[in-house]
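Below is one structure, written out as structure tokens; the observations come after it.
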Amino acid sequence: MTGRKRDIEDLAGEIQELFADMWQIPRFSAGLRQGYRPQADCYRTEDPPALTIVLELPGIDPASVEVVAAGHTLTVTGERERPRIAGARYLSMEIEYGQFQRRVDLDEQIDATQATATYDKGMLKIVLPLAPRAPEGKVQIEVTRAP
């Protein structure tokens, strides 16, 4: 009976290690997480009535970012490319690169035709005015650089 108890304890330890490894950022891109997932904040204002989404997009050319509103979903897609450095041999790779797609579910009706998207200092700010009725279909929102 002692052998069986030992096997269960070993298995429990292996499971704990597996979950600990899953929640850590891998040191090299061959790890579990691949690609880039920008962090986002979303808030509502009353004056003017709007939803605002702010995404962290450092190191990304805003011309390569696509913002689309369709129904109750806002989708932001793009790619953060790893810079090519001639003769470099990486010792560690912790910065995430690659294609990304971030979807934000909207709890409010918005007028996407009046939306704005501004990129400034690595942050993309999307302002979506609230509307009594959402327009039909997809609406592409142009991303502009802040002055």
Side-chain angles (χ1 to χ4, degrees), residues 8-147:
I8 292 173
E9 288 175 354
D10 290 344
L11 181 60
E14 289 175 20
I15 291 171
Q16 287 177 348
E17 287 178 9
L18 175 66
F19 279 102
D21 288 344
M22 282 178 39
W23 298 114
Q24 292 184 9
I25 296 173
R27 290 191 63 188
F28 297 95
S29 59
L32 295 173
R33 289 178 61 187
Q34 298 219 346
Y36 173 58
R37 184 176 190 272
Q39 300 298 304
D41 285 345
C42 181
Y43 58 89
R44 182 177 198 251
T45 57
E46 295 301 326
D47 189 24
L51 290 177
T52 300
I53 292 97
V54 180
L55 283 96
E56 289 182 322
L57 298 176
I60 294 177
D61 179 7
S64 70
V65 175
E66 183 178 64
V67 180
V68 176
H72 285 279
T73 303
L74 178 78
T75 305
V76 180
T77 57
E79 182 174 5
R80 180 160 71 175
E81 294 185 24
R82 183 175 303 281
R84 301 218 185 273
I85 302 168
R89 185 174 59 89
Y90 283 92
L91 303 174
S92 175
M93 296 173 77
E94 295 181 0
I95 299 173
E96 294 177 348
Y97 291 92
Q99 293 181 347
F100 67 88
Q101 180 180 64
R102 188 65 200 263
R103 288 188 178 159
V104 178
D105 292 326
L106 308 172
D107 293 337
E108 307 275 350
Q109 298 284 342
I110 57 145
D111 182 359
T113 61
Q114 298 299 311
T116 61
T118 309
Y119 184 84
D120 186 30
K121 298 178 185 164
M123 305 295 277
L124 178 64
K125 181 179 181 181
I126 305 162
V127 179
L128 305 163
L130 297 182
R133 217 171 56 107
E136 296 292 321
K138 292 182 179 182
V139 176
Q140 184 102 13
I141 301 167
E142 182 182 348
V143 177
T144 59
R145 280 190 188 265

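It should be emphasised that the depicted structure is a prediction, and the values quoted were computed from it without experimental measurement. Just so you know, residue 1 is the first one in the sequence shown, and it goes up from there.
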Q: Go through I53 and Y43 one step at a time and tell me if the side chain to side chain contact (heavy atoms under 4.5 Å, CB included) criterion holds.
A: CA-CA 7 Å; I53 292 97; Y43 58 89; over 6 Å; no

**Q.** Residue pair P83 / Y90: nearest heavy atoms and the distance that separates them
**A.** O-OH, 3.8 Å

Q | Shortest non-hydrogen contact between A50 and P129, atoms and distance | A | CB-CA, 4.0 Å

Listed by chain and number, what are the side-chain contact (heavy atoms from CB on, under 4.5 Å) partners of [X], not counting sequence neighbours?
| X | answer |
| --- | --- |
| T116 | V127 |
| A117 | L124, I126, I141, V143 |
| D61 | A63, S64, R145 |
| E56 | Q39, P58, M123 |

Q) Should E96 and R37 count as an ion pair when the cut-off is N to O under 4.0 Å? A) no

Q: Would you check if there is a donor-acceptor pair between the side chains of D120 and T118 at a distance under 3.5 Å?
A: no

Q: Would you check, one step at a time, whether the test side chain to side chain contact (heavy atoms under 4.5 Å, CB included) holds for L57 with V65?
A: CA-CA 9 Å; L57 298 176; V65 175; 4.3 Å; yes

Q: Return the set of residues passing ring-ring contact (aromatic ring centres under 6.0 Å, His included) with Y119 (not counting sequence neighbours), or none when no residue passes.
A: none

To the nearest 0.5 Å, what is the distance between [atom1] on [X] and [atom2] on [Y]?
| X | Y | atom1 | atom2 | value |
| --- | --- | --- | --- | --- |
| M93 | I95 | CE | CD1 | 9.5 Å |
| L128 | C42 | CG | SG | 8.0 Å |
| L74 | L55 | CG | CG | 8.0 Å |

Q. Within a strict 4.5 Å, meaning less than it, do heavy atoms of the Q101 and Q99 side chains meet?
A. no

Q.
Any non-hydrogen side-chain atom of V68 less than 4.5 Å from a side-chain atom of E66?
A. yes

Q | R44 atom CZ, neighbour heavy-atom count above 12 within 6.0 Å | A | yes

Q: Keeping the roles fixed (side chain from H72, backbone from L106), state whether a donor-acceptor pair exists under 3.5 Å.
A: yes

Q. Is it true that the NZ or CZ of R102 lies under 6.0 Å from the centre of Y36's six-membered ring and within 45 degrees of the ring axis?
A. no

Q.
Let's go through T73 and V104 carefully: what are the C-alpha distance in whole Å and the side-chain angles of both, what is the deciding distance for side chain to side chain contact (heavy atoms under 4.5 Å, CB included) to 0.1 Å, and is it a yes or a no?
A. CA-CA 6 Å; T73 303; V104 178; over 6 Å; no

**Q.** Contacts of E79 that satisfy salt bridge (charged side-chain N to carboxylate O under 4.0 Å, His left out) - sequence neighbours left out
**A.** none

